[in-house]
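A short worksheet on the structure shown next.
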Amino acid sequence: MRRLKKNIYLGLCGTALAVLAVVRWTSAGIRNQMTPARTDTPSEPVRRPESVALPLTKTDYSMDTYGRHPVRSVHSYKDCFPDVQDVQILAARRWGVCPVRDRQQAELRKSELVFVGSNPYYVIDKGMNSSIPYLVPRAALLLQDIGRNYLDSLAVKGIPLHRIIVTSVLRSEADVARLRRQNGNASEQSCHRFGTTFDICYNRYHTVEPPGERRRVVRNDTLKFVLSEVLRDLRSDGRCYVKYEVKQGCFHITTR
């Protein structure tokens, strides 16, 4: 009886192995039919889509295009800088010092005034003979901000750096009297007497050049356009009054 059971068990195992062998052989045949026959010629490699080469954009804002920072100037010097004497004198009296008699007296007022000399932001004109290089602190700060903003504007527009030139600052009563003898249009009630007012010429600039390097020439009109933009913005912010002086060739500016 035991021998009979053993024979039955071995027979069942043999049958199962035979079935598995048939299934494996059948699966292999089906897989071969689904796989395309391989040829001796190697298949062409898969090509990935090539990236599209974009044109390089200019980032130096050259004089030809000015990039995203064009020089626009103001629509009218007369309309944008209309602040006449009657307007500026009120601010000068409010923020300024009492007029000084002469240069000796000005030296005694240094506690109220700040020395202004040529620096990285602006240049004091060498021919400034009718002014004393002092301003009240708020006017000195305004002048420095104008010079710094001007250099920043030139940089972002890709224009070689130039410093503004200051042609007039504090004037004593003696300076005003001497100017009136030379120029009948000079005002006896000049705002310059209070140390709140200065002039920046718009037809001359000081080129910033590293030693041994020559910068390309820039038209004065272009430099004037940029300066007018800077002054317009500061005036709009309530920092100053500005008068465009045609005959004097300068912007007449008083702090406010």
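Note: hydrogens, waters and symmetry copies are ignored here, and every other heavy atom, side chains too, is used.
- No side-chain heavy atom of Val114 sits less than 4.5 Å from a side-chain heavy atom of Val136.
- At least one side-chain heavy atom of Ser172 sits under 4.5 Å from a side-chain heavy atom of Ile132.
- For an aromatic pair to be called close, the ring centres must be under 6.0 Å apart, and Tyr244 with Tyr77 satisfies this.
- Ion pairing between Glu112 and Arg109 holds under the 4.0 Å rule for side-chain N and carboxylate O.
- Between Ile159 and Val71 there is a side-chain heavy-atom pair separated by less than 4.5 Å.
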- Query: Please walk me through it: do Val100 and Glu173 pass side-chain contact (heavy atoms from CB on, under 4.5 Å)?
  - Reply: CA-CA 6 Å; Val100 296; Glu173 298 283 11; over 6 Å; no
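- Residues Tyr122 and Ile165 fail the side-chain proximity criterion, which asks for heavy atoms closer than 4.5 Å.
- For Arg94, the CZ atom sits in a loose shell: 12 or fewer heavy atoms of surrounding residues, nucleotides or ligands are nearer than 6.0 Å.
- Between Asp125 and Arg204 there is a side-chain heavy-atom pair separated by less than 4.5 Å.
- Atom OH of Tyr241 sits about 15.5 Å away from atom CG of Leu231, to the nearest 0.5 Å.
- Considering all non-hydrogen atoms of both residues, Cys240 and Arg235 come closest at O-CG, 3.5 Å.
- With hydrogens and angles left out, the side-chain atoms of His192 and Thr197 include no donor and acceptor closer than 3.5 Å.
- No single ILVMFWY cluster, assembled from side-chain heavy atoms under 4.5 Å apart, contains both Phe115 and Val166.
- Nearest heavy atoms, Gln189 versus Gln85: O-NE2, 2.6 Å.
- Between Tyr205 and Tyr150, the two ring planes are parallel [angle under 30°; tilted spans 30° to 60°].
- One finds no salt bridge joining Asp175 and Arg193 here, because no Lys/Arg side-chain nitrogen approaches an Asp/Glu carboxylate oxygen to under 4.0 Å.
- Classification of Glu229 and Lys224 as a salt-bridged pair fails, no side-chain N sitting under 4.0 Å from a carboxylate O.
- When side chains are defined from C-beta on, Leu227 counts as touching Ile200, because their heavy atoms get closer than 4.5 Å.
- Side-chain polar atoms of Asp233 and Ser236 form no donor-acceptor pair below 3.5 angstrom.
- Checked by atom type and distance alone, the side chain of Asn119 pairs as donor or acceptor with a backbone atom of Gly117 at under 3.5 Å.
- Here the side chain of Asp83 pairs a donor or acceptor atom with the backbone of Val242 at under 3.5 angstrom.
- Side chains of Ile146 and Arg239 form no contact here, defined as non-hydrogen atoms less than 4.5 Å apart.
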- Task: Let me see the working for Leu142 and Ile253 under side-chain contact (heavy atoms from CB on, under 4.5 Å), right down to the final yes or no.
- Result: CA-CA 10 Å; Leu142 171 64; Ile253 304 166; 4.0 Å; yes
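- Thr255 and Ala91 make their closest contact through O-CB, 3.6 Å (heavy atoms, listed as atom of the first residue, atom of the second, distance).
- Without hydrogens or angle criteria, Gln88 side chain to His252 main chain gives a donor-acceptor distance under 3.5 Å.
- A distance of 10.0 Å separates CG in Asp102 from CD in Glu107, rounded to the nearest 0.5 Å.
- A single hydrophobic cluster is not seen to contain both Phe81 and Val87; linkage of ILVMFWY side chains at heavy-atom distances under 4.5 Å, directly or through other members, places them apart.
- Val208 and Ile124 fall within a single hydrophobic cluster, where Ile, Leu, Val, Met, Phe, Trp and Tyr are joined by side-chain heavy atoms under 4.5 Å apart, directly or via other members.
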Give the C-alpha distance, both sets of side-chain angles, the deciding distance and a yes or no for side-chain contact (heavy atoms from CB on, under 4.5 Å) between Trp95 and Arg138. CA-CA 8 Å; Trp95 301 111; Arg138 66 188 304 116; 3.3 Å; yes
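- The hydrophobic clustering, which links ILVMFWY residues whose side-chain heavy atoms are closer than 4.5 Å, places Leu141 and Leu234 apart.
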Step by step, would you call Phe194 with Thr254 a side-chain contact (heavy atoms from CB on, under 4.5 Å)?
CA-CA 10 Å; Phe194 300 91; Thr254 296; over 6 Å; no
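- The distance from the OG atom of Ser228 to the NE2 atom of His75 is 11.0 Å, given to the nearest 0.5 Å.
- Here NZ of Lys243 is found 12.0 Å from SG of Cys191. Values are rounded to the nearest 0.5 Å.
- In this structure, the separation between CZ on Arg256 and CG on Asp237 is 10.0 Å, given to the nearest 0.5 Å.
- Summarising the geometry of Tyr134 relative to Leu170, their closest heavy-atom pair is O-CB, 3.1 Å, with the distance given to 0.1 Å.
- None of Asn220, Asp221, Thr222 except one satisfies the side chain to side chain contact (heavy atoms under 4.5 Å, CB included) rule with Val218; the exception is Thr222.
- Remark: the Ser131 side chain and the Ser168 side chain contain an N/O donor-acceptor pair separated by less than 3.5 Å.
- When every heavy atom of Val116 is checked against every heavy atom of Ala140, the shortest pair comes out as CG1-CB, 4.1 Å.
- Of all heavy-atom pairs between His162 and Leu151, the closest is O-CD2, 3.3 Å.
- Met128 and Phe251 end up in the same hydrophobic cluster when Ile, Leu, Val, Met, Phe, Trp and Tyr side chains are linked at under 4.5 Å.
- Interatomic distance, CD1 of Ile164 versus CG of Asp199, reported as 11.5 Å (0.5 Å rounding).
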